[in-house]
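Below, each value reflects all heavy atoms present in this structure, side chains not excepted, and no hydrogens, waters or symmetry copies. Throughout, residue positions are numbered sequentially from 1 according to the sequence presented. We count ligands from 1, going down the list as the structure has it; atoms in each ligand are counted the same way.
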Amino acid sequence: MKVLVTGGAGYIGSHTTLSLLEGGHEVVVLDNLMNSSAESLRRVEQLTGRSVDFRKVDLLDASAVDAVFAEGGFEAVIHFAGLKAVGESVAKPLMYYTNNVAGTLNLLHSMEAAGVRRLVFSSSATVYGASEEVPLVEKAPLDATNPYGRTKEQIEDILADLGEADSRWSIALLRYFNPVGAHESGLIGEDPSGTPNNLLPFVAQVAVGRRDMVRVFGNDYPTPDGTGVRDYIHVMDLAAGHLAALGYIVGRPGVYRWNLGTGRGSSVLEVIEAFGKAAGHPVPYEFAPRRPGDAAVSYADPSAALADLGWSAHRNLAQMCEDHWRWQSRNPQGYAAVTEAAGAVAE
Ligand code: UD1
């Protein structure tokens, strides 16, 4: 299939692009490189032996998006492009609504005009808000608690309305739990800009010596060891979920919602311990106050994805940490070192 991947240079996008190419698909990547590096795609080329057709395009530039579709031949879109930092979204809500929601609307208008009506959308378990009714099932009420989460929820609503209004659309809403890990080669991985907000990239930067210690946000939650419990999922399992969803929606118009998680929760301390094992030395940490807005426990019921798509996550926490560590230890400064060494202009 010829697939347009928005945000394909980013963390989940680059891993999914790799899996698409390995699956024999033709891929065009569209990314504004605001929060990603084209180096990720050079490495995908290295890994697959195939060239990646990359366009530096911002979804807010409607005519540029139209121009890409005008080339013709696209059979589906996988839409990752978007901003994703919760704290930043609270400080800059207009930036988030514009980028994520208006950007998606531009994409949908271009798709409509080009007659491309298959879409896999990168949603998030964040749409469930602070619900503590675990495991989370797709029919749970949505109640995002911050602007970032609300952009995901609003886009889900827009897509549901679109599918309702025009039965030619096939739409998959994929609700990711906590994506971590990296491709097993260690060549591509997560490269957060600035201080990581999420646990795994922070732990990895401590393990590699870029930061002193992990701050564990809260040790008085009603969980076995008092720290927060999340459903961490290996990014390659997540990538496989996108291919499965894409395969499913072809020839099946409608709007589908699937949780992509392992169904298993791990605490912050379990993650720090597992990462220390992978790195070969313990990762220092200290307890700190709870982070506002955090739920005690969140994990998926992934049974719908298994029943419909035949998909389930295979990699365990140890593998997630080993692969994340391979990437981090071989690329301590992420992609930056390479792009600087190559004399590339930071974008
Ligand atoms: C966060 C976002 C969520 C987003 C998801 C994936 C918040 C409130 N939620 O979810 O909207 O969809 O990332 O991008 O930001 N932790 C520490 N120390 C740290 C970092 C995290 O103890 O330095 C703890 C957290 O309290 C939590 C767990 O680690 O218990 C996981 O945190 P994180 O990786 O930020 O993911 P979520 O909180 O699930």
Looking only at protein heavy atoms, which one is nearest to atom 11 (O) of ligand 1, and what is the separation?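 Of every protein heavy atom, Thr126 OG1, 2.8 Å lies nearest to atom 11 (O) of ligand 1.
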
Atom 34 (O) of ligand 1: which protein heavy atom is closest, and how many Å away?
->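 Looking only at protein heavy atoms, the one closest to atom 34 (O) of ligand 1 is Leu199 N, 2.8 Å.
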
So if I count the atoms of ligand 1 from 1 in the order they appear, which ones are less than 4.0 Å from some heavy atom of Asn178?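 Those of ligand 1 that fall under 4.0 Å from Asn178 are 36 (O), 37 (P), 39 (O).
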
### Query
Under 30°, 30 to 60°, or over 60°: which ring-plane class applies to Trp327 and Tyr335, parallel, tilted or perpendicular?
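Rings of Trp327 and Tyr335: tilted, 30 to 60°.
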
>> For atom 24 (C) of ligand 1, what is the closest protein heavy atom, and at what distance to 0.1 Å?
In response: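 Looking only at protein heavy atoms, the one closest to atom 24 (C) of ligand 1 is Val268 CG2, 3.6 Å.
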
**OP:** Could you tell me whether ligand 1 has any atom less than 4.0 Å away from a heavy atom of Arg230?
**Re:**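 Arg230 counts as a contact of ligand 1 under the 4.0 Å cut-off.
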
Discussion item. Could you work out, for atom 18 (N) of ligand 1, the closest of Arg215, Arg175, Met213, Lys84 by heavy-atom distance?
Written reply: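 Among Arg215, Arg175, Met213, Lys84, the closest heavy atom to atom 18 (N) of ligand 1 comes from Arg215.
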
**Message:** Looking only at protein heavy atoms, which one is nearest to atom 31 (C) of ligand 1, and what is the separation?
**Reply:**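 Going by distance alone, atom 31 (C) of ligand 1 is nearest to Tyr232 OH, 3.3 Å.
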
Practice task
Quick one: look at Asn198 and ligand 1, take heavy-atom pairs under 4.0 Å, and tell me if it's side chain, backbone, both or neither.
Solution key: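 Contact part for Asn198 vs ligand 1: both backbone and side chain.
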
Open item on the list: Show me which atoms of ligand 1 lie under 4.0 Å from any heavy atom of Ser124.
Closed with: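 Matching atoms, with element in brackets: 12 (O).
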
To which protein heavy atom is atom 9 (N) of ligand 1 closest, and what is the distance rounded to 0.1 Å?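 Going by distance alone, atom 9 (N) of ligand 1 is nearest to Val86 CG2, 3.8 Å.
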
Note to self: So, 4.0 Å and heavy atoms of Phe287: is ligand 1 close enough to count as a contact?
What the structure shows: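 The answer is no: ligand 1 sits nowhere under 4.0 Å from a heavy atom of Phe287.
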
Exercise for the section: Starting from atom 8 (C) of ligand 1, locate the nearest protein heavy atom and write down its residue, its atom name and how far away it is, to 0.1 Å. Expected result: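 It is Asp294 OD1, 3.3 Å.
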
| Relative to the ring of Trp325, is the ring of Phe275 parallel (under 30°), tilted (30 to 60°) or perpendicular (over 60°)? |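 If you compare the ring of Phe275 with that of Trp325, the planes turn out perpendicular.
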
- Answer with yes or no whether Tyr176 contacts ligand 1, where contact means a heavy atom under 4.0 Å from a ligand atom.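 Heavy atoms of Tyr176 never come under 4.0 Å of ligand 1.
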
Closer than 3.5 angstrom, by distance alone: can the side chain of Thr98 be matched with the main-chain N or O of Ala102 as a donor-acceptor pair?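 Pair absent, no side-chain N/O of Thr98 close to backbone of Ala102.
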
inquiry  = Taking the basic N atoms (NZ, or NE/NH1/NH2) and the acidic carboxylate oxygens, is any pair closer than 4.0 Å for Arg315 and Glu184?
reply    =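 Salt bridge flag = no for Glu184 with Arg315.
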
message: Between Asp31 (side chain only) and Ala9 (backbone N and O only), is there a donor and an acceptor less than 3.5 Å apart?
response: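 Flag set: sc Asp31 to bb Ala9 pair under 3.5 Å.
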
*asked:* Could you check whether Arg43 and Asn331, counting side-chain N and O atoms only, form a donor-acceptor pair closer than 3.5 Å?
replied: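 Checked: Asn331/Arg43 side chains pair up, N/O donor to acceptor below 3.5 Å.
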
For Asn197, take its heavy atoms, then give the atoms of ligand 1 lying under 4.0 Å from any of them.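 Those qualifying, in numeric order: 20 (C), 35 (O).
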
query: Can you tell me if Thr151 uses its side chain to pair, donor with acceptor, with the backbone of Tyr148 under 3.5 Å?
result: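 Side chain of Thr151 to backbone of Tyr148: a pair is present.
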
Quiz item: So is Gly149 close enough to ligand 1, meaning a heavy atom under 4.0 angstrom away?
Solution: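 Outside the 4.0 Å threshold, so no.
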
### Task
Return the residue, atom name and 0.1 Å-rounded distance of the protein heavy atom closest to atom 19 (C) of ligand 1.
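Checking every protein heavy atom, the shortest distance to atom 19 (C) of ligand 1 gives Phe217 CE1, 3.3 Å.
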
**Prompt:** Are Glu45 and Arg42 close enough for a salt bridge, meaning some N to O gap below 4.0 Å?
**Reply:**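 Salt bridge absent between Glu45 and Arg42.
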
Practice prompt. Heavy-atom contacts with Val216 under 4.0 Å: which atoms of ligand 1 show up? List them by number with element.
Written response: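 The list of qualifying atoms is 22 (O).
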
Checklist entry - Going by distance only, is there an N or O of Pro292 that falls short of 3.5 Å from an N or O of ligand 1? => result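 Min N/O separation from ligand 1 is not below 3.5 Å for Pro292.
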
- Pick one: which of Leu317, Asn316, Ile233 meets side-chain contact (heavy atoms from CB on, under 4.5 Å) with Thr262?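 Output: one option passes, namely Ile233.
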
Please list the nearest protein heavy atom to atom 38 (O) of ligand 1 with its residue and the distance rounded to 0.1 Å.
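Here the closest protein heavy atom is Arg291 NH2, 2.8 Å.
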
Any side-chain donor-acceptor pair under 3.5 Å between Tyr128 and Arg175?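 On atom types as modelled, these side chains qualify, holding a pair under 3.5 Å.
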
Run through Tyr248, Trp311, Trp258, Tyr176 and flag the one making a ring pair (Phe, Tyr, Trp, His ring centres under 6.0 Å) with His242.
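Between His242 and the candidates, ring pair (Phe, Tyr, Trp, His ring centres under 6.0 Å) is satisfied uniquely by Tyr176.
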
Have Glu88 and Tyr96 got a donor and an acceptor in their side chains that come within less than 3.5 Å?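 Yes, side-chain donor-acceptor contact under 3.5 Å.
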
